[in-house]
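Step one of this worksheet: look at the structure below.
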2 protein chains.
Amino acid sequence: MKMNEGVEWALHSCVNLSFIPGETVTAKRLAAFYNLPTAYLNKQLQALNRAGILSSTSGPKGGFQLARRPDQISLLDIVVAIDGAEDAFRCAGILKDGPSGDPKADYRKTCLISQAMRTAELNYRRELAGQTIADIVHQVQTTFPDTPDNTRNWFANLKS
Amino acid sequence: MKMNEGVEWALHSCVNLSFIPGETVTAKRLAAFYNLPTAYLNKQLQALNRAGILSSTSGPKGGFQLARRPDQISLLDIVVAIDGAEDAFRCAGILKDGPSGDPKADYRKTCLISQAMRTAELNYRRELAGQTIADIVHQVQTTFPDTPDNTRNWFANLKS
DNA sequence: GCGATTGTACTCGGATACAAGTTGTCCGAGTAAGTGTGG
DNA sequence: CCACACTTACTCGGACAACTTGTATCCGAGTACAATCGC
């Protein structure tokens with residue numbers, strides 16, 4: 001069970017974008033910030049765009065920016081946008097093929113093992129849904145007060 | 001983010017084995033119960049054996065059986081045995097490659113995003129660690145009282 | 001001099017290769033029972 | 001009749017392919033700016 005690597009990139013990029021509200025930043029610069037492969041990060045940003053988390057504009061002076069307020073973007077939103085909405089534990093319903101299996105039954109609900117795994121995973125998602133990008137930004141501001149200005153300056157200086 | 005399919009098989013097989021305490025059951029029969037590919041299920045059972053959850057004996061009259069009491073086997077034990085102990089969200093520490101990155105710092109602890117993802121995942125695992133095979137068996141007995149006897153009979157009849 | 005137009009450089013976007021991990025399969029090592037043989 | 005050794009059949013165990021999925025890359029569609037040409 002491993003999560004797409006792009007999730008981490010997307011999370012960090014969204015936090016960075018929230019430091020520069022209103023401005024559009026190209027995938028190239030976002031990638032340069034962490035020395036990431038530009039084209040691949042671009043792909044993740046496209047996914048965020050499709051999910052309505054970012055808005056993109058083409059051409060010169062184009063780039064990405066947050067499509068909503070940071071407090072309206074949960075960590076789960078980003079995870080789902082990049083990694084998909086499917087559950088990690090996919091109950092294949094093997095009970096169906098068992099000796100007393102009923103093909104019509106929905107074993108995702110009756111199978112007790114499936115239930116246990118599902119509720120655990122649901123809590124996981126609930127916790128991720130409860131935290132927003134704004135929360136992370138707030139924590140960063142209190143823990144590392146210099147970081148917001150530093151990143152702002154970095155992106156501003158690279159503009160040349 | 002998807003979990004190995006074998007986890008489901010392993011969970012169900014452990015529950016089935018707990019219905020037949022003291023007896024050894026071959027991978028072939030465990031697989032036949034759900035119409036699963038025998039060799040592949042065998043592979044999963046090997047992993048459970050290495051993890052100390054099952055004990056295996058070779059040769060005729062050989063097979064697998066639970067190595068511990070069902071109340072000493074948590075769902076997390078099985079998940080870890082099959083799917084590995086690595087976290088789903090592996091913080092690659094991309095902050096290291098950032099403009100003010102410190103190669104010596106352990107960003108798995110300082111990075112706030114990593115912390116948020118990690119705590120959510122930790123709760124997930126804690127919940128899985130809190131439930132044991134015995135709990136599942138107990139729930140099955142109260143919800144589907146016939147199931148234990150049915151499966152016992154099935155394995156007994158196939159013995160011929 | 002001013003405006004429309006064309007050209008250009010830069011961006012995202014999706015289609016396309018490459019690598020890795022999961023899924024599935026096969027044959028060999030080891031073991032316990034059954035069988036035949038000699039005492 | 002009993003004990004021993006051998007054969008045999010059956011099991012796990014790890015090594016070996018096939019395939020799906022994640023990773024990485026490239027080139028085309030579209031856009032805004034800038035330079036150029038005409039009036």
Side-chain angles (χ1 to χ4, degrees), chain A residues 1-10 13 17 23-32 34-65 67 79 81-86 88-90 92 94 158-160, chain B residues 1-10 13 17 23-32 34-65 67 79 81-86 88-90 92 94 158-160:
Chain A
M1 180 173 65
K2 67 193 231 296
M3 184 174 283
N4 279 9
E5 198 177 2
V7 173
E8 187 187 3
W9 306 356
S13 294
L17 280 173
E23 284 189 42
T24 63
V25 184
T26 67
K28 197 175 181 180
R29 270 191 269 165
L30 284 170
Y34 293 122
N35 282 324
L36 300 176
T38 304
Y40 191 30
L41 176 64
N42 186 27
K43 187 169 185 166
Q44 318 296 344
L45 299 176
Q46 284 176 36
L48 294 178
N49 179 34
R50 276 192 292 270
I53 296 170
L54 299 184
S55 68
S56 66
T57 54
S58 290
K61 282 284 182 181
F64 295 92
Q65 59 181 324
V79 170
I82 303 292
D83 209 55
E86 283 184 65
F89 182 82
R90 300 147 300 164
I94 64 176
L158 201 75
K159 204 173 276 181
S160 58
Chain B
M1 180 172 64
K2 69 192 229 296
M3 184 174 284
N4 280 9
E5 197 177 1
V7 173
E8 187 186 5
W9 305 357
S13 294
L17 281 173
E23 286 189 39
T24 62
V25 184
T26 67
K28 196 175 180 181
R29 271 190 270 164
L30 283 170
Y34 293 122
N35 283 324
L36 299 176
T38 303
Y40 192 30
L41 177 63
N42 186 26
K43 189 170 185 166
Q44 318 296 343
L45 298 176
Q46 285 177 34
L48 294 178
N49 179 34
R50 276 191 292 269
I53 296 170
L54 298 184
S55 68
S56 67
T57 54
S58 290
K61 282 284 183 182
F64 294 92
Q65 59 180 324
V79 170
I82 303 293
D83 208 55
E86 283 184 65
F89 182 82
R90 301 147 300 164
I94 64 176
L158 201 74
K159 202 174 277 180
S160 58

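All values reported here derive from a predicted model rather than from experimental measurement. The basis for the numbers below is simple: all heavy atoms, side chains too, and nothing from hydrogens, waters or symmetry mates. Chain letters run A, B, ... following the sequence lines, proteins first and then strands; every chain starts at 1.
Between Lys28(A) atom NZ and dG13(C) atom C1' there is a gap of 17 Å when expressed in whole angstrom units. Atom pair Lys61(A):NZ and dT8(C):C1' shows a separation of 17 Å (rounding to whole Å applied). We find that CE of Met1(B) is positioned 13 Å from P of dT23(D), with the value rounded to whole Å. Spacing between atom CD1 of Ile82(A) and atom P of dT23(D) amounts to 11 Å, rounded to whole angstrom units. For the pair Leu54(A) CG and dC12(C) P, the computed distance is 11 Å after rounding to whole Å. As rounded to whole Å, 19 Å separates atom P of dG21(C) from atom CD of Glu5(B). Rounded to an integer number of Å, the gap from Asn49(A) CG to dC12(C) P is 10 Å. Nucleotide dT23(C) holds its P atom 4 Å from the OH atom of Tyr40(B), rounded to whole Å.
The listed nucleotides are dC12(D), dA24(D), dG21(C); the one nearest the side chain of Lys2(A) is dG21(C). Side-chain proximity of Ala27(B) to dC12(C), dC12(D), dC10(D): nearest is dC12(D). For Gln46(B), the side-chain atoms get nearest to dG13(D) when compared with the rest of dG13(D), dT23(D), dC12(C).
Counting any heavy atom pair closer than 4.0 Å across all strands shown, Asn42(B) reaches a base atom. Using a 4.0 Å heavy-atom cutoff across all strands shown, Gly6(B) reaches no nucleic acid atom at all.
If Ala39(A) and Pro60(A) are placed on DNA chain C by their nearest nucleotide, the residue sitting closer to the 5' end is Pro60(A). Both Met3(A) and Gly59(A) lie near DNA chain D, and the one whose nearest nucleotide falls closer to the 5' end is Met3(A).
In terms of heavy-atom proximity, Lys61(B) sits nearest to Thr24(B) at O-OG1, 3.3 Å. Across Gly52(A) and Ala67(A), no two heavy atoms sit closer than the pair O-CB, 3.5 Å.
Side-chain N/O atoms of Arg50(B) include one lying less than 4.0 angstrom from OP1 or OP2 on dG14(D). Considering only side-chain N and O atoms, Asn4(A) lies under 4.0 angstrom from the phosphate OP1 or OP2 of dT23(D). Taking only side-chain nitrogens and oxygens, Ser56(A) comes nearer than 4.0 Å to OP1 or OP2 of dG13(C). For the pair Arg29(B) and dT11(D), the criterion of a side-chain N or O lying under 4.0 Å from OP1 or OP2 is not met.
Between the Asn4(A) side chain and the Asp83(A) main chain, no donor and acceptor come within less than 3.5 Å of each other. With Thr38(A) contributing its side chain and Ala27(A) its backbone, the two residues share no donor-acceptor pair below 3.5 Å. With hydrogens and angles ignored, the 3.5 Å screen pairs a side-chain donor or acceptor of Glu8(A) with a backbone N or O of Ala92(B).
A donor-acceptor contact under 3.5 Å links the side chain of Lys43(B) to the base of dG24(C).
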